[in-house]
Amino acid sequence: MMESTMNYFTLLVISACFFLCTSAKYHHYNQDNGKELKYLMEPLVHAEVTARRGHTVVLPCMMRFKPLHYRVKWTKIDPPSQGVENIVLITNGHADKQYGSLGPRVSLLHAHDRDVSLRLTDLELEDDGSYRCELINGIEDESVIITLRIEGVVFPYQSHHGRYRFTFFEAQKACAEQDATLATYKQLYRAWTEGLDWCNAGWLSDGTVNYPVLHPRPACGGDLLSGIRSYGPRHKTQTHYDAFCFTSTTKGSVFFIPEQLSFVKAEHACRREGASLARTGQIYSSWKFQQLDRCDGGWLQDGSVRFPIINPRERCGGIAEPGVRNLGYLSKSLRRYGAYCYRPSSTPWGGPRFKPISQYL
């Protein structure tokens, strides 16, 4: 009797294990409507892919088996393209056709006959977002969604005329002029989790106005909880705020000229070295990705004076957190600051008269 009971229990355990393993293997769902996937495989491991500007990336999409007749359509769905479906590529298994601004930089990986993964080259800041891989056979359409996150840094940006001077479209233009784009809410949220604490409200790419607070205080909206404080959507031409810009890696490098220069002299000094005054996004990129650290203030292209700090110390402003320090928009005739210059990697140049700023530590 006991042996029979043990055999029954063993059979029950094996059956349960088989059911659970089978469920784990085949329990895939269409992310758009919750239906079970039949042809496509759920991207369990790589649902989010991270890369930097200028790099190449693959967004995975695999078929478990192929229907007799089908099409696969790749679409960029987030952020949305002003109500228009942003088709990137369509294939019927025999020929591929690229579409839109992404078209020249995309192709299918075709690692094997069931691979319809999307390959993106020379990544740009605007490529950040979510992409849908949709299999269409006229009867049982299904799709999976992959998120591409461009690794970068968010920085607050003000007009040289002062605080809260940008309309939404002026904020877009200002970020673009600084080698950046308006940040998305997700990018601002990630920056907040990494320590961004800023009291001034700024535009985001979706037309909302927000600011990140890590340490609540009376001077920063009151002693409320920490988080992203939001004003919600604002009129894009009649209201004015600062901007939160987003940038990533650059193809060039930033170096410092340690002289006491006026703004015009700083421009000339950079030009002599086959470079130009660095933009704000370029110095943030160098601080973030090249670990550039220097206490000396230097002119930037927008007329501001800034310096990047990786290792905070008392003689470098006395602020405990690393960051890019901003001395503001000063009189351009002052001869007290050096110059932060940016040289594109493709610019011919015979050798350094001035070392990269990481070598001045």
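The first residue of the sequence shown is numbered 1, and numbering continues consecutively from there.
In the displayed structure, H110 atom NE2 is contacted under 6.0 Å by more than 12 heavy atoms of other residues, nucleotides or ligands. Sparse packing is recorded around CD of E314, with 12 or fewer heavy atoms of other residues, nucleotides or ligands lying under 6.0 Å away. Within a 6.0 Å radius of CZ in R119, other residues, nucleotides and ligands contribute 12 heavy atoms or fewer.
Between the side chain of T91 and the main chain of A95, a donor-acceptor pair closer than 3.5 Å is present. Checked by atom type and distance alone, the side chain of R165 pairs as donor or acceptor with a backbone atom of H161 at under 3.5 Å. Side chain of R343 to backbone of E273: a donor-acceptor contact under 3.5 angstrom is found. Although no hydrogens or angles enter the test, the distance criterion places no donor-acceptor pair under 3.5 Å between the side chain of W74 and the main chain of R132. Under a 3.5 Å cut-off, the side chain of D242 and the backbone N or O of Y164 do form a donor-acceptor pair. Not one N or O on the side chain of Y342 forms a donor-acceptor pair closer than 3.5 Å with the backbone of C270. Side-chain atoms of R114 come within 3.5 Å of backbone N or O of R64 as a donor-acceptor pair. Judged purely by atom type and a 3.5 angstrom limit, T239 uses its side chain to pair as donor or acceptor with the backbone of H235. Judged by distance alone, with hydrogens and angles left aside, the side-chain atoms of S248 form a donor-acceptor pair with the main-chain N or O of E151 at under 3.5 Å. Here the side chain of W192 pairs no donor or acceptor atom with the backbone of D197 at under 3.5 angstrom.
D141 has no carboxylate O lying under 4.0 Å from a charged side-chain N of R71, or vice versa, which leaves the two without a salt bridge. A salt bridge does not link D128 to K76: none of the charged side-chain nitrogens sits closer than 4.0 Å to a carboxylate oxygen. One finds a salt bridge joining D127 and R105 here, because a Lys/Arg side-chain nitrogen approaches an Asp/Glu carboxylate oxygen to under 4.0 Å. Salt-bridge formation is not detected for the pair D296/R336: no Lys NZ or Arg NE/NH1/NH2 atom is positioned less than 4.0 Å from an Asp or Glu carboxylate oxygen. Salt bridge present: D122 and K251 bring a charged side-chain N and a carboxylate O closer than 4.0 Å. Taking 4.0 Å as the cut-off between side-chain N and carboxylate O, D302 and R306 count as a salt-bridged pair.
What you find for S143 and E134 is that their closest heavy atoms are CB-CA, 3.8 Å. Taking every heavy atom of both residues into account, A180 and T247 meet most closely at CB-CB, 4.1 Å. Closest heavy-atom contact between S262 and K332: CB-O, 3.4 Å. Between I310 and P322 the shortest heavy-atom distance is O-CB, 3.4 Å. For the residue pair G93 and Y70, the shortest heavy atom distance occurs at CA-OH, 3.5 Å.
Side chains of N200 and R163: a donor-acceptor N/O pair is present below 3.5 angstrom, by distance only. Side chains of Q178 and T280: a donor on one and an acceptor on the other come within 3.5 Å. Counting only N and O atoms by type, the side chains of S130 and T147 include a donor and acceptor under 3.5 Å apart.
Aromatic rings of W203 and Y241 (six-membered ring for Trp) have centroids within the 6.0 Å cut-off, being under it.
Just one residue in the list L196, I228, V154 forms a side chain to side chain contact (heavy atoms under 4.5 Å, CB included) with Y189, and that residue is I228.
Tracing side-chain contacts under 4.5 Å through hydrophobic residues (I, L, V, M, F, W, Y), one reaches F169 starting from Y231; they form part of the same cluster. Transitive grouping of hydrophobic side chains (ILVMFWY, heavy atoms separated by less than 4.5 Å) keeps F256 and F289 in distinct clusters. Taken together through direct or relayed side-chain contacts under 4.5 Å among Ile, Leu, Val, Met, Phe, Trp and Tyr, L327 and Y329 form part of one hydrophobic cluster.
A heavy-atom distance below 4.5 Å is not found between the side chains of D115 and M63.
Using the six-membered ring where Trp is involved, F155 and Y157 have ring planes that are perpendicular, over 60° apart on the 30 and 60° scheme.
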